[in-house]
2 protein chains.
Amino acid sequence: MQISSRFTIALHIFTCVDVFKDEYKVTSEFLAGSINTNPVIIRKILSQLKNAGLITVARGTGGIKLTRELSEITFFDVYEAIGAVENGDLFHFHDSPNPQCPVGRNIHALLDGKLKAIQGAMEDEMRKYTLLDLRSGMTEFLAEENK
Amino acid sequence: MQISSRFTIALHIFTCVDVFKDEYKVTSEFLAGSINTNPVIIRKILSQLKNAGLITVARGTGGIKLTRELSEITFFDVYEAIGAVENGDLFHFHDSPNPQCPVGRNIHALLDGKLKAIQGAMEDEMRKYTLLDLRSGMTEFLAEENK
DNA sequence: AAGATTTGTAAGTGCAACGGTTACATTCTG
DNA sequence: CAGAATGTAACCGTTGCACTTACAAATCTT
């Protein structure tokens, strides 16, 4: 299993919004064009980002605005907003191990801390990258193209 | 999305094999009892662990043996054996972003390294835990129960 | 050699999430 | 009001997961 493409799509959206904000009206239609998917998919993701308080979306007129600086939004914020992982648990624990079995009734408590540490390592790394990193990286790529 | 319960089941299996190896014949049936699932599920997972070279399984007579010391098998080895993540990629990248769009044609290259770093942080943490840690943790839990 | 036990595997079921799509009400601007 | 955009509900097809039944292949015991 993989973490939903909604996560990478969200990052793609943020990049587009900033890159094109002065040049085009960045609507769900426009974004769907760059991402090559359906506008409704985009709107659903925008909805999640809005509910998480990362952006505002203007109805009718269209237009997406960040509520914070690019440097103040990390990959982790986006990952959380998207709900990329059910109940916040990366690992799916098999339910109801046999309580009659000594191993069965203790395995959950035993594994829990270690699995949390593993997931935590991933999430901590996610906190290191901001949307500003993404934006400046894209600027470099585009400059390279225009050489 | 979550990482398949086959991963936690595999860890459960390893724990049982070691805890019960002198006391019972540890068959797929026996394991299914502790884990509370179907023997065929267990056999499939055993098959993957075997293909990865972590264990040998005796047909007919039953019996599971590790090919290395408990301390020589990490959570990462198990995770890899199980194929918990498609193509080895934790993140699902939306396919075919629009190559006509400057962002679309560069987003993949831009994100790739960062996503790999995030996945790498998780996998490195996985390498820190061995089956021996699991075994000794279980021993402690059981000692606690018998107090 | 026969019978019992166990693994290996194919085939099929039900379910849930994902990505996609159509359709339409709602909201805002001009 | 007309036009443009978002918000959502409803539905589809596909895929992977967990589970189950069934049976062939391998191995041990007697």
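In the text below, chain A, chain B and the rest are named by the order of the sequence lines, each starting its count at 1. Atoms considered below: every heavy atom in the structure, side chains included; atoms not considered: hydrogens, waters and symmetry mates.
Between the C1' atom of dA4(D) and the CZ atom of F30(A) lies a distance of 16 Å, rounded to the nearest Å. Atom-to-atom, CD of Q48(A) to C1' of dT6(D) comes out at 15 Å; the value is rounded to the nearest Å. Remark: P of dT14(D) and CD of Q2(A) are 20 Å apart, rounded to the nearest angstrom. F91(B) has its CZ atom 15 Å from the P atom of dC18(C), to the nearest Å. Atom CD of E29(A) is separated from atom P of dA4(D) by 12 Å (rounded to the nearest Å). One can place CD1 of I64(B) at 7 Å from P of dT7(C), the figure rounded to the nearest angstrom. Between N51(B) atom CG and dT7(C) atom P the separation is 16 Å, expressed in whole Å.
For the atom pair CG of L90(B) and CZ of F7(A), the computed distance is 9.5 Å after rounding to the nearest 0.5 Å.
Between S47(B) and the phosphate of dT9(C), there is a side-chain N or O to OP1/OP2 separation shorter than 4.0 Å. The phosphate of dT7(C) has neither OP1 nor OP2 within less than 4.0 Å of any side-chain N or O from K50(B). Dashed line: the shortest gap from a side-chain N or O of S28(A) to OP1 or OP2 of dT6(D) is under 4.0 Å.
With 3.5 Å as the limit, one finds a donor-acceptor pair spanning the side chains of H12(B) and S34(B).
Between R68(B) and D77(B) there is a salt bridge, since a side-chain N of the basic residue sits under 4.0 Å from a carboxylate O of the acidic one. Under the 4.0 Å criterion applied to side-chain N and carboxylate O atoms, E145(A) and R105(B) are assigned as salt-bridge partners. For the pair K114(B) and D133(A), the salt-bridge criterion is not met [side-chain N within less than 4.0 Å of a carboxylate O].
A centroid separation of 6.0 Å or more is found between the aromatic rings of Y129(A) and F76(A).
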Check your understanding: Does the side-chain hydrogen bond (donor to acceptor under 3.5 Å, both in side chains) test come out yes or no for S28(A) and R43(A), once each step is laid out?
Key -> CA-CA 6 Å; S28(A) 63; R43(A) 285 183 217 145; 3.2 Å; yes

Revision key, fill the gap. Protein heavy-atom contacts under 4.0 Å, written 5' to 3' over nucleotides 17-30 of chain D as B (base), S (sugar-phosphate only) or - (none), form the string SSBBBB--BBBS--

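Checking dT6(C), dA5(D), dT9(C) against every side-chain atom of K25(B), the shortest atom distance belongs to dT6(C).
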